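Below is one structure, written out as structure tokens; the observations come after it.
Just so you know, these numbers come straight off a predicted model, no measurement behind them.
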Amino acid sequence: MGIQKISVSMEKYVMPVANRLGNECHLRAIRDAFMSLLPINFMGGIAAVISSLPLEISNSIVFSWINALTLGAMSIYVCIGIIHFLCKSRKIESFLPILLGVCGFLMLVMEPVSLGWDGKMVEISYMDGKGLIPAMLIAILTADLYCYMRKRDFGKISLPDTVPASLSDVFASIVPGAVLLVLYTVIFVLCNAAGTTLPKLIYGILSPSLKAVDNLGFTILITLFVHVFWFFGIHDAALSGVLSPIRDGNLSINAAAHAAGQALPNIFTTPFWVYFVVIGGCGSVLALAAMLCCSKSKQLKTIGRLGIVPAFFNISEPIIFGLPLMLNPIFFIPFMVTSALNGAIAFITMQVGLIGKSFAMLSWQMPSVFGAFLSTMDWKAPILIVALMVLDGIIYYPFFKIYEKQLVKEENGETEDAEK
């Protein structure tokens, strides 16, 4: 009865908001861009899983290279996708603005190290999830300005009707393209003069100055903060500069204490986050992936089958971007609540001594049920993981059924007579 009431309330209050958000061109373009990356993200996830296995083949440079050019280059693909879908919604050919956007991305997100005539070296660390914010800003700026200038024939160079349409389109884009490239150059010059880059500047402003506090409130707060970023398609790597020193520092203290035979002082560590908080990756999607595999919707069943193996190895991108969970108001509540609740329960059980604290970090792709045991050497830890997965599934279930019902109607060709 409780689940039915929640479902009715969701359909009554959440669906209208979802429809309004779905019609906003920028949010729609961002959502579609991330969904289009499913094949790339899936291959990157598989490569990451294989590279984490203790096998000789897993140490091959091939899998590291695949991962670097898939998940590790996500920002540039997102930039391209957003420009394409924004231009498509405005009925503007997207090829030329995509070229301009890629140029802007490479100029502002990559950091030149050496530009000699005999070779060039650049820093590409921000091509992955850490570069998503600048990538989205560059994409929106490029598409909006380009479409604005083209629709108003800004600086248009007219050619005779006998000239091929493709060539006329190129000439009509010269001035808008020059304006954008000059703008990119000005931004680069200003950042370079300040001794920084656009991504570093953005994250330097946005990253909160958080003090490492090993308590329950901090655990819940930072978990919600990370998932708000994720909900809008911003990778948690964007916060790694703040979180890594806290998590890794606490882990090193615990490791030293364990080696000395002393009580472990800290709870909020890297393995605590990876194995106990985000079970199946950010959003704690492993339980959801299992439900998707049994869905009545063909689309959801396909997403579930594609995403359950990566989710088992703590890779949530195929589910987040493929379902999608990102920018999907229907799943906002469970996406926020599951990981925060996992963290709160795990923190309390460790604080009271029911579960041992973590002192060792395995691979990020180590399944939580194994990583929880190996990081704490406590046989009760895997039992807690299973219990948390069941709880995650209970929280996701009513929202999953609403979304499933909506997609099943679409797949069966049923439409709502909203206009009648």
Students often mix this up, so state it plainly: with edges at 30° and 60°, are the rings of [X] and [Y] parallel, tilted or perpendicular?
{"X": "Phe272", "Y": "Phe276", "value": "parallel"}
{"X": "Trp273", "Y": "Phe268", "value": "perpendicular"}
{"X": "Phe321", "Y": "Trp230", "value": "tilted"}
{"X": "Tyr403", "Y": "Phe331", "value": "perpendicular"}

Check [X] against [Y] and note the closest heavy-atom contact, atom names and distance.
{"X": "Gly393", "Y": "Met291", "value": "O-CE, 3.7 Å"}
{"X": "Val285", "Y": "Ser316", "value": "CG2-CB, 3.6 Å"}
{"X": "Lys301", "Y": "Ser295", "value": "CE-O, 3.1 Å"}
{"X": "Ser358", "Y": "Thr269", "value": "OG-OG1, 2.5 Å"}
{"X": "Ala340", "Y": "Thr223", "value": "N-CG2, 3.5 Å"}
{"X": "Cys191", "Y": "Leu198", "value": "SG-N, 3.9 Å"}

**Message:** Going by side chain to side chain contact (heavy atoms under 4.5 Å, CB included), Phe85 matches just one of Ser94, Ser36, Cys25. Which one?
**Reply:**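 Testing Phe85 for a side chain to side chain contact (heavy atoms under 4.5 Å, CB included) against Ser94, Ser36, Cys25 leaves exactly one candidate, Ser36.
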
**Item:** Option among Ile330, Leu325, Leu288 that satisfies the side chain to side chain contact (heavy atoms under 4.5 Å, CB included) test with Phe335
**Value:**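 When Ile330, Leu325, Leu288 are each tested with Phe335, the side chain to side chain contact (heavy atoms under 4.5 Å, CB included) holds only for Leu325.
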
When rounded to the nearest 0.5 angstrom, what is the spacing between [atom1] in [X] and [atom2] in [Y]?
{"X": "His26", "Y": "Arg28", "atom1": "NE2", "atom2": "CZ", "result": "10.0 Å"}
{"X": "Phe332", "Y": "His227", "atom1": "CZ", "atom2": "NE2", "result": "11.0 Å"}
{"X": "Cys294", "Y": "Leu300", "atom1": "SG", "atom2": "CG", "result": "12.0 Å"}
{"X": "Ile333", "Y": "Phe399", "atom1": "CD1", "atom2": "CZ", "result": "4.5 Å"}
{"X": "Asp392", "Y": "Ser284", "atom1": "CG", "atom2": "OG", "result": "4.5 Å"}
{"X": "Ile83", "Y": "Leu99", "atom1": "CD1", "atom2": "CG", "result": "9.5 Å"}

Main-chain N/O of [Y] paired with [X] side-chain donor or acceptor, under 3.5 Å:
{"X": "Asn314", "Y": "Met366", "result": "yes"}
{"X": "Thr197", "Y": "Val109", "result": "no"}
{"X": "Thr196", "Y": "Asn192", "result": "no"}
{"X": "Glu404", "Y": "Lys296", "result": "yes"}

Less than 4.5 Å apart, any side-chain heavy atom of [X] and any of [Y]?
{"X": "Leu216", "Y": "Gln351", "value": "no"}
{"X": "Phe313", "Y": "Pro367", "value": "yes"}
{"X": "Met136", "Y": "Ile82", "value": "yes"}
{"X": "Tyr126", "Y": "Lys200", "value": "yes"}
{"X": "Asn266", "Y": "Lys357", "value": "no"}
{"X": "Val78", "Y": "Phe105", "value": "no"}
{"X": "Leu391", "Y": "Ile345", "value": "yes"}
{"X": "Ser368", "Y": "Ile279", "value": "yes"}

**Prompt:** Would Gln299 and Glu410 count as a side-chain contact (heavy atoms from CB on, under 4.5 Å) if you check the C-alpha gap in whole Å, the side-chain angles of each, and the deciding distance to 0.1 Å?
**Reply:** CA-CA 10 Å; Gln299 178 180 332; Glu410 293 177 2; 5.6 Å; no

**Request:** Evaluate whether atom CD1 of Ile124 has more than 12 neighbouring non-hydrogen atoms of other residues, nucleotides or ligands under 6.0 angstrom away.
**Result:**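 No, because the 6.0 Å sphere around CD1 of Ile124 holds 12 heavy atoms or fewer from other groups.
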
**Item:** Thr142 side chain to Tyr184 side chain, donor-acceptor N/O pair below 3.5 angstrom
**Value:** yes

**Message:** What verdict does the side-chain hydrogen bond (donor to acceptor under 3.5 Å, both in side chains) test give for Asp32 and His84, after you've listed the backbone C-alpha separation in whole Å, the side-chain angles of each residue and the deciding distance to 0.1 Å?
**Reply:** CA-CA 10 Å; Asp32 292 344; His84 169 73; over 6 Å; no

**Request:** Output, in order, the C-alpha distance, side-chain angles, deciding distance and verdict of side-chain contact (heavy atoms from CB on, under 4.5 Å) for Leu96 and Tyr146.
**Result:** CA-CA 9 Å; Leu96 288 174; Tyr146 182 88; 3.9 Å; yes

**Request:** Check the pair Leu145, Leu183 against side-chain contact (heavy atoms from CB on, under 4.5 Å), reporting the backbone distance first and the verdict last.
**Result:** CA-CA 11 Å; Leu145 282 180; Leu183 179 59; 3.9 Å; yes

**Request:** Would you sort out whether Val278 and Asn342 count as a side-chain contact (heavy atoms from CB on, under 4.5 Å), showing the intermediate values?
**Result:** CA-CA 8 Å; Val278 288; Asn342 290 345; over 6 Å; no

